Colleague: 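My structure is below; once you've seen it, I'll send some questions.
No experiment lies behind these values; they were computed from the predicted model shown. Within every chain, numbering begins at 1; the chains are lettered A, B, ... in the order of the sequence lines, protein sequences first and strands thereafter.
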Amino acid sequence: MPELPEVETIARGVDKRARGDRIVQVWFDHHPQPFKTPRARQARGLTGRTILAVHRTGKHIVFELSSSGSTPDAQWIVHLGMTGRLLVTTPDGPVAPHTHARLTLASGRELRFVDPRRFGRLEFRDLHRGTVFGAPGDEPLTIGEREFAALFRGRRLYIKAALLNQTLLAGVGNIYADESLFHAGIRPRRRANRLTRAELDRLRIALHEILTHAIRLGGSSVSDYVDADGERGFFQLEHCVYLRTGEPCRSCQTPIRRVVVAGRGTHYCPKCQQ
DNA sequence: CATTTCACCTGGTGGC
DNA sequence: TGCCACCAGGTGAAAT
């Protein structure tokens with residue numbers, strides 16, 4: 001499931017391959033789910049525009065688009081959901097099942113959106129009419145100590161649920177929530193407002209280190225995640241708790257435990273995390 | 001308002 | 001071997 005490091009890896013890959021290219025033709029399949037903006041308006045808006053840059057905000061991939069010149073006048077926002085992929089391919093390459101969008105670029109290459117479960121979303125924004133897209137939550141890579149602590153003040157929900165809440169922190173999902181709680185030595189079912197200042201800062205630093213390290217390794221390939229070139233990431237090899245139920249803790253050998261918190265499978269070491 | 005539950009989807013798993 | 005019930009999980013809407 002693509003979270004911040006996977007989305008960052010994909011955004012960088014697409015930026016490298018599609019920056020400066022122009023969208024000359026758009027094809028969408030018949031499924032209505034992915035289209036947050038009506039399909040026809042979206043296709044009309046994309047066609048003819050140039051991709052100025054591609055970047056990540058939270059778990060969203062944002063395309064800065066222009067119909068002329070170097071100032072963006074529109075944005076295409078892609079959310080990959082659970083199983084979404086964005087691929088830059090040659091036009092004659094085999095089309096994967098569940099391909100919902102194909103954008104033909106002036107260079108001859110194709111940008112494809114593939115998503116078996118269809119939890120992903122595609123949105124088009126005309127900047128003359130609306131405002132610039134911004135993810136609601138704070139970025140875990142740049143947030144400071146005081147702001148981070150303030151996010152959880154007065155919140156009685158479990159810290160695991162708080163980490164997954166995108167309006168607080170943008171980009172953290174199930175894998176990196178579990179991994180950061182392990183590295184900070186905090187139980188997933190601690191109440192967010194009961195964490196000490198020291199624990200909160202351990203958590204902030206753990207998140208920063210893990211997300212940065214995972215980006216360096218190209219993300220985690222669990223299930224079938226791949227980047228814009230179809231390459232897998234390697235951070236899954238360094239997971240300490242996620243999907244390691246019953247396996248020995250890398251630090252103390254205690255079997256890793258699995259519980260359900262906030263409706264999600266949650267993995268932790270009962271000895272290292274108190 | 002804060003928090004929890006549920007629906008949306010398909011591929012993979014396990015029981016029979 | 002085949003069929004089917006069941007479930008994960010990101011998000012947003014609905015319920016509490």
Colleague: Rounded to the Å, how far apart are A:R189 CZ and B:dT3 P?
Modeller: 17 Å

Colleague: Specify the separation, in whole Å, of atom CZ of A:R264 and atom P of B:dT4.
Modeller: 12 Å

Colleague: Is the ring of A:F119 stacked on the base of C:dG9, with centres less than 5.5 Å apart and planes under 30° off?
Modeller: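 Not stacked by the 5.5 Å and 30° rule.
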
Colleague: Looking at A:F35, is A:R39 sitting on its ring face, NZ or CZ under 6.0 Å from the six-membered ring centre and within 45 degrees of the normal?
Modeller: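 Judged by the rule (NZ or CZ under 6.0 Å from the ring centre, within 45° of its axis), A:R39 counts as positioned above A:F35.
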
Colleague: Starting at atom NZ of A:K59, determine the distance to atom C1' of C:dT11, rounded to an integer number of angstrom.
Modeller: 9 Å

Colleague: Enumerate donor-acceptor pairs with a distance under 3.5 Å from any side-chain N or O in residues 43-52 of chain A to protein atoms, sequence neighbours excluded.
Modeller:
from: A:T47; atom 1: OG1; to: A:A43; atom 2: O; distance (Å): 2.7
from: A:R49; atom 1: NE; to: A:D73; atom 2: OD1; distance (Å): 3.0
from: A:R49; atom 1: NH1; to: A:G45; atom 2: O; distance (Å): 2.8

Colleague: To the side chain of A:N174, which of B:dT3, C:dG9, B:dG11 is closest?
Modeller: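 Per side-chain heavy atoms of A:N174, the pick is C:dG9.
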
Colleague: Indicate whether OP1 or OP2 belonging to B:dT3 is found under 4.0 Å from a side-chain N or O atom of A:R155.
Modeller: yes

Colleague: Under 4.0 Å, heavy atoms only, any strand: does A:G263 hit a base, just the sugar-phosphate, or nothing?
Modeller: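 A:G263: no heavy atom of the nucleic acid under 4.0 Å.
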
Colleague: Regarding A:R121, tell me which of base, sugar-phosphate or nothing describes its non-hydrogen contacts under 4.0 Å with the strands shown.
Modeller: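 The residue A:R121 makes no contact with any strand.
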
Colleague: Side-chain N or O of A:H79 less than 4.0 angstrom from OP1 or OP2 on C:dG12?
Modeller: no

Colleague: Can you identify which nucleotide, out of C:dT11, C:dG9, B:dT4, has its nearest atom closest to the A:M82 side chain?
Modeller: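 Closest nucleotide among those given: C:dG9.
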
Colleague: Using every non-hydrogen atom in the two residues, find where A:L122 and A:A101 come nearest and quote the distance to one decimal.
Modeller: CD1-CB, 4.3 Å

Colleague: How would you list, by chain and number, every residue that makes a salt bridge (Lys or Arg N to Asp or Glu O under 4.0 Å) with A:R129, sequence neighbours excluded?
Modeller: A:D126

Colleague: Starting at atom CG of A:N165, determine the distance to atom C1' of B:dT4, rounded to an integer number of angstrom.
Modeller: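 For the pair A:N165 CG and B:dT4 C1', the rounded distance is 12 Å.
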
Colleague: To the nearest angstrom, how far is A:R85 atom CZ from C:dG10 atom P?
Modeller: 17 Å

Colleague: Measure CD/A:Q33 against C1'/C:dG10 and give the value in whole Å, please.
Modeller: 15 Å

Colleague: Grab the CD1-P distance between A:I159 and B:dA2 for me, whole Å please.
Modeller: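 Computing the A:I159:CD1 to B:dA2:P distance gives 16 Å.
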
Colleague: From the list B:dT4, B:dG11, C:dG10, which nucleotide is the closest neighbour of the side chain of A:L157?
Modeller: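 So the side chain of A:L157 is nearest to B:dT4.
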
Colleague: If you count every heavy atom of other residues, nucleotides or ligands that lies below 6.0 Å from A:R156 atom CZ, does the total exceed 12?
Modeller: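 No - once you tally the heavy atoms of other residues, nucleotides and ligands closer than 6.0 Å, there are 12 at most.
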
Colleague: Examine C:dT11: is either OP1 or OP2 under 4.0 Å from a nitrogen or oxygen in the side chain of A:K36? Give yes or no.
Modeller: no

Colleague: Examine C:dT11: is either OP1 or OP2 under 4.0 Å from a nitrogen or oxygen in the side chain of A:Q166? Give yes or no.
Modeller: yes

Colleague: Phosphate oxygens OP1/OP2 of B:dA2: is one of them under 4.0 Å from a side-chain N or O of A:Y158?
Modeller: no

Colleague: Figure out the CG/P separation between A:L169 and C:dT11, and round it to whole Å.
Modeller: 13 Å

